[in-house]
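See below for the structure under consideration.
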Amino acid sequence: MGGEVMGKSIIEIVGEIIAGQACQRTLSGEEIETLIKHTYRAFREIEELENRERALEEIDKSIGIQPSASDVHQSEAEKSPIEPKIDPRNAIQDQEIFCIECGRPFKVISHTHLRQAHGLSPAEYKEKWGIPAKQPLAAKNVTQRRRDQARERNVGEELRQYRIKARSKRSQQTPTDEKEASE
Ligand SMILES: [Zn+2]
């Protein structure tokens with residue numbers, strides 16, 4: 001034990017908290033034990049975070065970086081290996097697409113995943129890994145299915161337009177012309 005948080009030892013702080021709680025109502029021995037354990041654990045966590053922050057600051061100092069809010073974020077990112085988990089050239093497969101940042105397989109990589117897991121927008125992700133801007137972040141079969149659906153929609157739309165034209169033409173045409181239009 002003997003760790004210090006903000007100049008006080010953890011034991012000192014735990015003691016003060018327990019004393020404060022005990023004044024308000026009578027705590028059973030079990031309650032006190034649980035309280036001590038929880039409080040102690042919470043302070044250990046704070047202490048660990050502080051140690052980590054300090055270690056990061058020391059690294060920053062040693063490489064001549066002035067600490068700032070964004071630097072803390074960068075250090076977080078540096079914890080993950082700089083090498084991509086997935087070869088960007090193999091990221092897009094028939095059945096799935098792998099996130100190059102974390103190696104997880106997806107049908108479609110959502111902007112939510114990129115934002116929440118990696119702090120990137122789809123555009124930033126594509127730029128980072130040299131993916132063409134127009135490349136969908138989806139498995140090949142998903143992209144293909146979407147293309148097919150789009151084509152079907154387009155064909156359907158063309159057919160609809162053609163029918164509308166044919167119908168309006170027919171209404172303007174003489175009965176002899178109508179044979180041609182219906183072919
Ligand atoms: Zn990912």
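Just so you know, ligand 1 is whichever comes first in the structure, and atom 1 is the first atom listed for that ligand. Positions are given from 1 along the sequence.
- The distance cut-off of 2.8 Å around the Zn ion (ligand 1) captures these protein N, O or S atoms, sorted by chain and number: C99 SG, C102 SG, H113 NE2, H118 NE2.
- Residues satisfying the side-chain hydrogen bond (donor to acceptor under 3.5 Å, both in side chains) test with Q135, not counting sequence neighbours, are none.
- In E30, the CD atom is not crowded: 12 or fewer heavy atoms of neighbouring residues, nucleotides or ligands sit closer than 6.0 Å.
- The heavy-atom pair separating E96 from P105 by the smallest distance is OE1-CB, 3.6 Å.
- Classified by interplanar angle (parallel below 30°, tilted 30° to 60°, perpendicular above 60°), the ring pair H118/H113 is perpendicular.
- K37 and E33 are joined by a salt bridge, as a carboxylate oxygen and a charged side-chain nitrogen come within less than 4.0 angstrom of each other.
- Ionic pairing of R151 and D148 is present here: one or more N-O contacts between side-chain nitrogen and carboxylate oxygen are shorter than 4.0 angstrom.
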